[in-house]
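What you are looking at is a predicted structure, and each value in this text was computed from that prediction instead of being measured. Throughout, a chain's letter reflects where its sequence line sits, starting with A, and its residues are numbered from 1.
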2 protein chains.
Amino acid sequence: MELTTAEENYLKAIYHLSEEGKKSVSTNDIAASIQTKPASVSDMLRKLGEKEVIQYRKYYGLQITPLGMRLALQTIRKHRLWEVFLVDKLHFAWDEVHEVAEQLEHIQSTLLIERLDAYLNYPKFDPHGDPIPDAFGDVRSRPRIALQEMGIDQSGQIVAVKDSSPAFLRYLDKVGAYIGARIKVLDKVEFDGSVEILVDQKKTLFMSKDVANNILVLTS
Amino acid sequence: MELTTAEENYLKAIYHLSEEGKKSVSTNDIAASIQTKPASVSDMLRKLGEKEVIQYRKYYGLQITPLGMRLALQTIRKHRLWEVFLVDKLHFAWDEVHEVAEQLEHIQSTLLIERLDAYLNYPKFDPHGDPIPDAFGDVRSRPRIALQEMGIDQSGQIVAVKDSSPAFLRYLDKVGAYIGARIKVLDKVEFDGSVEILVDQKKTLFMSKDVANNILVLTS
DNA sequence: CTTATTTTTTAGAACTATCTAATTTAATTT
DNA sequence: AAATTAAATTAGATAGTTCTAAAAAATAAG
């Protein structure tokens with residue numbers, strides 16, 4: 001079964017929205033997430049339904065089928081492997097990879113991805129800390145919570161970011177809150193939800209609720 | 001100026017046909033070379049003319065403009081760099097790279113190509129011996145002749161192949177006529193144009209006129 | 001130098017993807 | 001429960017790429 005680039009993008013968006021814990025994925029949500037109009041989404045949902053990658057009932061909503069899940073995870077696998085390539089091999093900054101990976105993920109060649117995976121030494125996570133599905137679509141996800149949800153004196157390690165926008169990533173670079181950093185919550189301000197943390201046992205840092213909400217931590 | 005994938009493919013085909021020494025490139029030639037119908041070519045020529053990458057007069061023919069030349073060479077540069085990547089880094093066989101490189105060449109990112117070029121150590125030739133244009137579109141082509149045109153006792157080095165079809169490349173692999181091999185013409189058969197050569201001073205090889213015509217040699 | 005042949009182009013249709021505007025269905029409010 | 005609002009879908013257009021079939025132009029042949 002072959003999907004077009006547009007179909008792959010829609011399916012990926014649907015997968016991501018489903019993962020975000022939302023009970024059901026709405027036409028408007030999809031439109032917003034891929035920056036298109038709801039009318040276009042309706043059209044595409046009908047098509048994806050016909051191709052049986054989603055189960056679709058007009059006006060009622062949709063559900064990804066096992067087939068759709070497999071295909072979505074394949075695309076995500078490709079996207080994340082390319083991101084690792086761009087950062088590890090071509091020395092892209094982690095805020096520069098998304099756009100290019102969006103293109104590379106649609107290259108069709110099973111051999112290419114197998115070889116790329118081996119070349120990169122079978123990475124388990126992409127530069128933003130998101131897990132890379134294996135060839136069968138299995139994802140080894142780590143239990144993790146938002147930094148904002150941690151309690152005072154709790155320790156952990158930054159393992160991923162929710163927001164991958166260049167602006168956010170560049171901010172993290174600037175303050176030294178990179179993936180892998182060990183942190184400890186020193187204080188939390190009730191009033192605005194901001195947090196004070198110790199990074200790598202040497203540097204203290206204040207961050208707003210907004211920032212802390214977009215940093216994912218593996219607590220220890 | 002931005003070209004679509006289809007436009008890039010047409011322009012590339014036109015460039016290659018122009019290079020083949022043909023006085024003028026015909027609609028039918030283009031159609032044959034990219035496996036489409038002449039009607040589709042006519043349509044596209046009109047469009048490429050409007051975009052001023054070719055100069056086009058209906059029924060009379062076309063000529064690539066300097067702009068078109070630049071864009072075609074950019075695409076060819078990308079294609080050949082990706083081929084080097086696939087062979088050198090991902091260990092593709094030289095007969096497996098074309099199809100994937102056809103897709104990769106359309107990825108849009110100047111940074112990506114600059115970085116890839118550096119990562120591959122600024123290669124000057126692709127796995128088939130074809131020269132890789134630099135970022136400005138300059139091509140350093142080597143003077144070379146078909147093996148078929150060499151005289152008896154003449155020596156040289158295989159530097160490229162004209163035909164890059166998997167069947168031909170696999171044949172060359174089998175007989176050990178790889179790029180870089182030093183050869184000497186031992187004998188030529190008038191009757192059928194076949195050639196007997198010495199490869200790397202240790203192995204003699206018979207090859208048909210057809211094969212010898214598709215191997216390019218730098219004579220010494 | 002007409003006629004035939006080949007080449008090239010146009011006309012019209014199909015398919016993908018997208019949009020705006022209008023309509024339909026579902027959910028909310030009073 | 002009827003009326004309002006919000007969400008989702010359909011209808012109709014546009015743009016890109018490709019095709020078949022028909023027409024037009026250029027070339028070759030008698």
Side-chain angles (χ1 to χ4, degrees), chain A residues 1-14 17-18 20 22-64 68 71-72 75 102-103 105-108, chain B residues 1-14 17-18 20 22-64 68 71-72 75 102-103 105-108:
Chain A
M1 237 272 293
E2 301 268 292
L3 299 181
T4 66
T5 292
E7 287 166 349
E8 279 184 354
N9 284 335
Y10 274 94
L11 192 57
K12 193 160 56 94
I14 291 167
L17 290 169
S18 305
E20 273 172 24
K22 306 231 170 174
K23 49 235 105 188
S24 77
V25 178
S26 77
T27 301
N28 278 342
D29 287 346
I30 298 169
S33 91
I34 59 177
Q35 292 169 155
T36 184
K37 296 285 136 66
S40 308
V41 177
S42 282
D43 262 7
M44 188 54 93
L45 293 182
R46 189 183 42 69
K47 256 205 299 189
L48 293 178
E50 279 165 15
K51 292 208 171 187
E52 300 188 331
V53 295
I54 62 171
Q55 218 184 342
Y56 175 54
R57 274 184 57 211
K58 297 198 301 192
Y59 294 107
Y60 273 88
L62 62 92
Q63 209 179 353
I64 306 197
L71 294 174
T75 305
E102 281 293 300
Q103 297 180 61
E105 72 185 8
H106 300 294
I107 305 289
Q108 311 262 232
Chain B
M1 237 270 294
E2 302 267 293
L3 299 181
T4 66
T5 293
E7 288 166 348
E8 279 184 354
N9 284 334
Y10 274 95
L11 192 58
K12 194 160 55 97
I14 291 167
L17 290 169
S18 306
E20 274 173 24
K22 307 229 173 177
K23 49 235 106 187
S24 77
V25 178
S26 78
T27 302
N28 278 343
D29 286 348
I30 298 168
S33 92
I34 59 177
Q35 289 168 157
T36 184
K37 295 287 136 67
S40 308
V41 176
S42 282
D43 261 8
M44 188 54 93
L45 293 182
R46 189 185 40 70
K47 256 206 299 189
L48 293 178
E50 280 166 13
K51 292 206 170 187
E52 299 187 332
V53 296
I54 62 172
Q55 217 183 343
Y56 174 54
R57 275 184 57 212
K58 296 199 299 194
Y59 293 107
Y60 273 89
L62 62 91
Q63 210 181 352
I64 306 197
L71 294 175
T75 305
E102 281 293 300
Q103 296 180 64
E105 72 186 10
H106 300 294
I107 304 290
Q108 311 262 250

For B:A6 against B:M44, the heavy-atom pair lying closest together: CB-CE, 3.8 Å

Shortest side-chain distance from B:Y60, nucleotide among D:dT18, C:dT9, D:dA26: D:dA26

For [X] and [N], give me the distance from atom [atom1] to atom [atom2], rounded to whole Å.
X: A:L45; N: C:dT18; atom1: CG; atom2: P; value: 12 Å
X: B:M44; N: D:dC19; atom1: CE; atom2: P; value: 11 Å
X: A:L48; N: C:dT16; atom1: CG; atom2: P; value: 12 Å
X: B:I30; N: C:dT7; atom1: CD1; atom2: P; value: 14 Å
X: A:E8; N: C:dT16; atom1: CD; atom2: P; value: 16 Å
X: B:Q35; N: D:dC19; atom1: CD; atom2: C1'; value: 16 Å

Partners meeting side chain to side chain contact (heavy atoms under 4.5 Å, CB included) with A:Q103 (sequence neighbours left out): B:I107, B:Q108

Under 3.5 Å, which N/O atoms of the protein pair with N/O atoms of nucleotides 10-13 of chain D?
unit_1, atom_1, unit_2, atom_2, d
D:dT10, OP1, A:K58, NZ, 2.5

Contact check, side chains of B:I54 and B:L11, non-hydrogen atoms, under 4.5 Å: yes

Main-chain N/O of B:S42 paired to B:K58 side chain as donor or acceptor, under 3.5 Å: no

CA sep, side-chain torsions, deciding dist, call: B:Y10, B:I34, side-chain contact (heavy atoms from CB on, under 4.5 Å): CA-CA 8 Å; B:Y10 274 95; B:I34 59 177; 3.3 Å; yes

Phosphate OP1/OP2 of C:dT6 contacted by B:N28 side-chain N/O (<4.0 Å): no

Ion pair B:E8/B:K12, N-O distance below 4.0 Å: no

